[in-house]
Asks: 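Quick one: this structure, given as C-alpha cells, is what I'll be asking you about.
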Amino acid sequence: MKDIAKTYNPKEFEDKIYSFWMEKGFFTPKIAPHKKPFTIVIPPPNVTGELHMGHALDNTLQDILIRWRRMQGYAALWIPGTDHASIATEIKVLDKIREETGKTKKDLTREEFLEKAWEWKDKYENRILSQLKKLGSSCDWTRTAFTMDEKRSKAVREVFVSLYEKGLIYKGNRIINWCPSCNTALSDAEVEHKEHKGHLWYIKYPVKGEEDYVVIATTRPETMLGDVAVAVHPEDERYKHLIGKTLILPLVGREIPVIADEYVDPSFGTGAVKVTPAHDPNDFEIGVRHNLPFINIMNENATINENGGKYEGLDRYEAREKIVKDLEEQGLLLKVEEHVHNVGHCYRCDTVVEPLLSEQWFVKMEPLAKPALQVVKEGKIKFVPERFEKIYTNWLENIKDWCISRQLWWGHRIPAWYCEDCGHVTVSREDPVKCEACGSTNIHQDENVLDTWFSSALWPFSTMGWPEETEDLKYFYPTDVLVTGYDIIFFWVARMIFMSLEFMKEIPFKYVLIHGLVRDALGRKMSKSLGNGIDPLEVIEKYGADTLRFTLVIGNAPGNDMRFSWEKVEHSRNFANKLWNASRYVLLNLDENDTNLYIDNLTLADKWILTRYNNIVKEVTDNLEKFELGVAASKLYDFVWSEFCDWYIELSKPVLYSDNEEAKKVTKSVLRYVLDNTLRLLHPFMPFITEEIWQNLPHEGESIMVAEWPKYREDLDFEEDAKKAEIIMEAIRAIRNIRAEANVSPSKKAKVIIAVEKEEHEKIFESGKNYIMKLAGASEVAIERNRGNIPQKAMSAAISAGLVVVPLEELIDLEEEIKRLEEEREKVLKEIERAQGLLNNENFVKKALEKVVNAEREKLEKYTAMLKNIEERLSLLNS
RNA sequence: GGGGUCAUAGCUCAGCUGGUUAGAGCGCUACGUUGACAUCGUAGAGGCCACAGGUUCAAGUCCUGUUGACCCCA
C-alpha cells in the first residue's frame, strides 16, 4: 500500500521528472530501419524575447502528437530551434544599445552592432529553450538549430546561389514597400493594410495653351511632385479629346502628357488619375507601359528630396499640408471629400509604409508557386482544417515577386560582390577574392541582409543538415506535420512548401495543423500595448505545466481562436486533482506488486468499466489520428471524472471494503489496469502528473513516456453486461432523484422496491442489490414481480426496466406525487408520439438505415413499458 | 471590391461525413464533512440551435437569401 500527497502539487515533481527524461535520453530517437519515423520541426520562436501563450499552445499541440506517436512505437523526432527574426531583433538590440549607451545605429559599426546582437541572441535563445522545457516539450535537444548558425547559414547560401544561377533570384529596380522607421524594404507579406479616414483632394491640372483643365482626384497630393502623366480610360467619352495633349503640373510646372490606359477606373474620382511611377505600384506599371520617366521625390526617411523643389526637406505629411495649402491659394484645389481607404503599415513597427522605387533583390515567384499550388491541390499536403487550403491557394495564385533584401545588419548577408572596376556582380558559394569577370580584387560585398523568412523557408530540411546528405534527411524527411498558427501561412508555410519542392524535390510535410490565437478572457488579442498578455510561465508557476497544457487544448477545435481565463485554468487544475485523488484511492488499496488483469471472475461493474475504457481507447486514438486533440482531451476528461471516478470507484468500494479476498483481487486488478492505461492515454496531454502517478503504481518499464500506447482489446468488450450495469445505474439515479425530491436526508437509509416484469430484469437487479444499497442509500432492496405488493403511499419512477418505488409513508405528499408522475407521463407520451410518428411513416421505414429504424422500435417499446408503469401507479394513487 | 469564419443554456464553448429525449465546464438553486478528492459529492432549474425559405422519410448539422460580429487578401 502506497500513500501519496492528499492534493495535487505539481511543483513537487515536474522539474524532477523532466530531468529524469533528459538523463534517460528519451527525447532522442534511434534511427532504426524497422521503425517508422514520425517527425515534426518546431516553428522556431523568435529570439526577440520570451515565449507567449501562443507558443505555449503551439508547442503543447506538437508535444501531444510527438508523445503519442512515440508511445505508438514510432521513431519520433521533434527538432527544436529558434529564429533570428531579423527586423524585430535588430530593433530590440538597437533599443537596448540606445538605452545603455545613448548610441544610435549611425554611431555604430556593423561589427560593434553584431557583437551586441549575438549576445542578445545567446541570452534569449537560452531563455526560450528553458521555457519550452518547463512546458514539458519532448524535443530532441541534441539537434537544436538556429536560423543563423553555421549549418543553417550554409543552407541559405546554397539556396541563394542556386536560385541566382537558375535565374530565379534577380536584382531589380522596382516598387517596394519601404518602412521609413525601420529603414528597410519589406515584402508584400510584411505589410498590413488598415482602414484610414482620409481625404480625396480634387486638383485642377491646366491644359497647356488652353483655358481648359483636367481634374484629378488623389488621396496623396504630396506625390504630385513626382507626377509624369495623367491617365484616363481610352473609352471614356469625357476625356477622349484630351488624350495626347499636354498638361502643366501645378506647383512644379512640368509638362506632362495625358495618356490612355485600360487600368484607369472611370467610375473612381473623376476618371482621370495622376501617374506617379516611382511611388505607386500601379502607376509603376503604367509608367513601364508608356515609357514614362520615374521621378523619385522621397528620401529613405520619408522626407521630400531634391526633386521636390521648394518642398525639399519636409516630412511627407508636412509636404502634404503645404502642397494643399499652396494649391488652394492658387485656386487649383476644386474640393476636398472625406474618404476611407486602406493604408499599408509595417508589421513590425506599425509605421505607414511608403511605396518606393528602389533597387532590391527579388525571388521570381511564378515558377516556384506553380508546383506549390499543385501539391496542395493534389492532396499531397493537407491543411487541417481544410478551409485554410483556400487561403493558401488564393495567396499563391496572386503572388508577386518576393523582395528579399533588407537594409539591416542582423541576418544573412547577401552573397553578392560588386566589382568597382567592371561593375560585374559575383554571386558565389565561397567568399570570392576577385571579380569573376575581370579578375579585379577591387570588390565589395552587398551591404544588405536577407528577409528572415528566406532562412525559415528552408527550416524543414536545413535543420536536418541539408545541403549535406545526412542520415537524418534520409530517414526523417519529409516531416509528418507542421503545427502553426493561421497568421503565418503566407510568411512561412507557403514558402517552406515551394523551397522544399525546389530543393528537396519533395513536400516538406504531409499535414499542416493550423491553430488559432489565444485571446484574453474578453476575446481581445493579447498584446503588449494592452498589457493583457499572460505569461505561460506564470501559469506553470501557479498551477503546473500539465494544467496549462490541458487548459490550452481541451475542447478547442483546430483553426479556432480560444479565450484564456483563469477560471479555465482552475478547472483544469481541478481535473488534475481529481485524477490525482482517484489514483490515490487506487494506490491506497493496492497491496501487492501485481500487474496482472484477472478477467475470469469479473463483476458487472468491472465489465462495464473495462468496456467503457476499451471504447475510449478506440475513440481517443481515432481523434488523435484526425488531429482532433481538443475532442480527445474532452473525452478523457469525461471518462476519468464521470465514469471512472463517479461510478466505477464508487462501485468498487463495496467490494474493496468486503472480506471477499478473491473478489478484491479481481477488482483491484481492474482498478490498476484501467488507471494505468488511462494514464497512458492522458500522458501526451499531461506528461508530468501521469508519469508521477505511473511511477508509483505497480508497473513494468522505465517510464510512461516510452510505455506502449493502449490498443483496443476484443476480450475486454462486454457489451451485453455493460448494458446490464447501466440498467442498475439508471435505477440508482432514479432512487437518488426520488430521495432528493422528497427531501430525504442523505444519511437516512430507506427501503427500495423495484417492480419488474421480465425475469432477465429481475436477475439484473438481483445481482445489483449491493450496488443499489451502497450508492442509493437503500436499507433494503426488494425486487417484486407481483404488483399487489407495492404500497400506495410511496414515491415511484418509471425506468426502462421497471418501476422504482420508495415507500416513505410519513414523507409523502400524495398530490405532489401525482403531479410529478403526470409530468413524467407527459414526457413519455411525447416520446411515444415521436417514435410512433416515425415508425408509421412508410418512407422512414423504407428509406432510413435499418439501424436507425430498429433503435426507434426499441425506444417505442421502452417508453410504452414506462408509460404502463406510470399509469398503473397513477390509478393506484388516484383510487 | 474578392474570399473566409462565426451566430447553440446567463457566460465560454463542443456537436465529425444529416438520424441520441441537443451536450460540457463555469455560474445559479437545494441538500450534503458516506473510510480518493470541499481543487469534492448528490439532485435540480435553464435552449423555437440568429432569421426566412428550400432539399430530405429525417436538418443545429446540407443549399439559398437576410441580419449581425469578426478575420484575411486587394
Side-chain angles (χ1 to χ4, degrees), chain A residues 3-4 6-9 188-189 191-193 265 281-282 342 344 385 387-388 390-391 393-395 397-400 486-487 489-490 516-517 521-523 543 547 554-557 559-565 567-568 570-589 622-623 626 628 630-631 633-635 637-638 641-642 645-646 649-650 652-653 656-657 671 732-733 735-747 749 774-777 827-828 830-831 834-835 837-849 851-853 855-856 859 863:
Chain A
D3 198 1
I4 58 175
K6 205 171 169 179
T7 51
Y8 161 64
N9 187 2
D188 295 340
V191 176
E192 284 175 359
H193 291 270
D265 173 7
N282 295 313
N342 275 308
R387 68 185 126 98
F388 290 101
K390 282 184 201 154
I391 295 178
T393 303
N394 201 283
W395 189 71
E397 277 171 350
N398 297 300
I399 195 152
K400 300 203 178 101
Y486 56 68
D487 47 338
I489 292 176
F490 310 134
L517 268 40
L522 301 173
Y543 292 92
T547 295
I554 189 163
N556 280 107
N560 288 3
D561 289 355
M562 62 160 300
R563 296 189 189 202
F564 179 93
S565 71
E567 286 82 50
K568 282 189 191 168
E570 277 178 24
H571 176 204
S572 296
R573 188 270 320 266
N574 293 354
F575 173 65
N577 187 60
K578 189 74 182 174
L579 178 66
W580 183 264
N581 274 289
S583 306
R584 190 164 166 262
Y585 168 79
V586 175
L587 283 168
L588 286 169
N589 286 291
D622 187 50
N623 288 136
K626 292 195 281 191
E628 295 166 350
V631 178
S634 302
K635 282 185 185 162
Y637 177 97
D638 286 339
W641 205 309
S642 314
C645 293
D646 287 353
I649 285 186
E650 294 310 321
S652 76
K653 285 177 181 173
L656 292 197
Y657 299 145
L671 279 167
I732 292 170
R733 274 195 211 98
I735 298 162
R736 285 170 173 173
N737 181 299
I738 289 173
R739 291 174 55 111
E741 293 273 335
N743 268 322
V744 181
S745 140
S747 54
K749 303 280 181 224
K774 170 80 182 167
L775 271 65
K827 265 196 216 163
V828 172
K830 249 176 84 184
E831 285 308 313
R834 195 191 55 83
L838 276 176
L839 290 166
N840 289 342
N841 182 336
E842 226 179 282
N843 277 324
F844 172 74
V845 181
K846 218 165 38 189
K847 292 184 182 172
L849 293 170
K851 193 174 82 179
V852 177
V853 179
E856 282 308 322
K859 273 186 234 167
Y863 288 119

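The shown structure was predicted, so the numbers you read here are calculated from the model rather than taken from an experiment. Chain A is the first sequence line, chain B the second, and so forth, proteins listed ahead of strands; every chain is numbered from 1.
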Asks: Let me know the distance between CD1 of Ile4(A) and P of rA36(B), rounded to the nearest Å.
Replies: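 It works out to 13 Å between those atoms.
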
Asks: Among the nucleotides rA36(B), rU21(B), rC73(B), which one has an atom lying closest to any side-chain atom of Phe490(A)?
Replies: rC73(B)

Asks: Check the distance between rU34(B)'s C1' and Leu656(A)'s CG and give it to me in whole angstrom.
Replies: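 After rounding, the gap between these two atoms is 16 Å.
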
Asks: So, does His571(A) get its side chain near the phosphate of rU39(B), meaning an N or O under 4.0 Å from OP1 or OP2?
Replies: no

Asks: Please tabulate, one pair per line, each protein N/O and nucleotide N/O from nucleotides 41-45 of chain B that are separated by under 3.5 Å, including the distance.
Replies:
{"unit_1": "rG41(B)", "atom_1": "OP1", "unit_2": "Lys578(A)", "atom_2": "NZ", "d": "3.2"}
{"unit_1": "rG41(B)", "atom_1": "OP1", "unit_2": "Trp641(A)", "atom_2": "NE1", "d": "2.4"}
{"unit_1": "rA43(B)", "atom_1": "O3'", "unit_2": "Asn737(A)", "atom_2": "ND2", "d": "3.2"}
{"unit_1": "rG44(B)", "atom_1": "OP1", "unit_2": "Asn737(A)", "atom_2": "ND2", "d": "2.5"}

Asks: Rounded to whole angstrom units, what separation is found between the CG atom of Leu579(A) and the C1' atom of rC40(B)?
Replies: 15 Å

Asks: Could you tell me how the ring of His571(A) sits relative to the ring of Tyr637(A): parallel (under 30°), tilted (30 to 60°) or perpendicular (over 60°)?
Replies: perpendicular

Asks: Establish, with yes or no, whether the OP1 or OP2 oxygen of rU34(B) is under 4.0 angstrom from a side-chain nitrogen or oxygen of Lys774(A).
Replies: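 No, because none of the side-chain N or O atoms of Lys774(A) sits under 4.0 Å from OP1 or OP2 of rU34(B).
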
Asks: I need the CG-C1' distance between Asn841(A) and rA58(B), as an integer number of Å.
Replies: 9 Å

Asks: State whether the distance check finds a donor on one side and an acceptor on the other, under 3.5 Å, for side chain Lys653(A) versus base rA36(B).
Replies: yes

Asks: Expressed as a whole number of angstroms, how long is the span from Asn398(A):CG to rG4(B):P?
Replies: 14 Å

Asks: From the set rU20(B), rU56(B), rG19(B), return the single nucleotide nearest to any side-chain atom of Lys847(A).
Replies: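 Of the options given, the side chain of Lys847(A) lies nearest rU56(B).
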
Asks: Within this structure, what is the CG-to-P distance between Leu849(A) and rU20(B), rounded to whole angstrom?
Replies: 12 Å

Asks: Tell me whether the side-chain N/O atoms of Tyr657(A) come closer than 4.0 Å to OP1 or OP2 in rA36(B).
Replies: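 The answer is yes; a side-chain N or O of Tyr657(A) sits under 4.0 Å from OP1 or OP2.
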
Asks: What is the distance from NZ of Lys626(A) to C1' of rU17(B), rounded to the nearest Å?
Replies: 9 Å

Asks: What stems involve RNA chain B, if each pair must be Watson-Crick or G-U and both of its distances must be under 3.5 Å, with 3 or more such pairs in a row?
Replies: B:1-7 with B:67-73, B:10-13 with B:23-26, B:28-32 with B:40-44, B:50-54 with B:62-66

Asks: Quick one: list whatever passes salt bridge (charged side-chain N to carboxylate O under 4.0 Å, His left out) with Asp622(A), sequence neighbours left out.
Replies: Lys626(A)

Asks: Between atom CZ in Arg563(A) and atom C1' in rC70(B), what is the gap in whole Å?
Replies: 11 Å

Asks: Any idea which of rU20(B), rG15(B), rA36(B) is nearest the Lys859(A) side chain?
Replies: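 Looking only at heavy atoms from C-beta outward on Lys859(A), the closest nucleotide is rU20(B).
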
Asks: Kindly indicate whether the side chain of Glu650(A) and the base of rA36(B) share any N or O donor-acceptor pair separated by less than 3.5 Å?
Replies: yes

Asks: For Lys830(A), which contact category applies under a 4.0 Å heavy-atom criterion: base, sugar-phosphate, or nothing?
Replies: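 Lys830(A): no heavy atom of the nucleic acid under 4.0 Å.
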
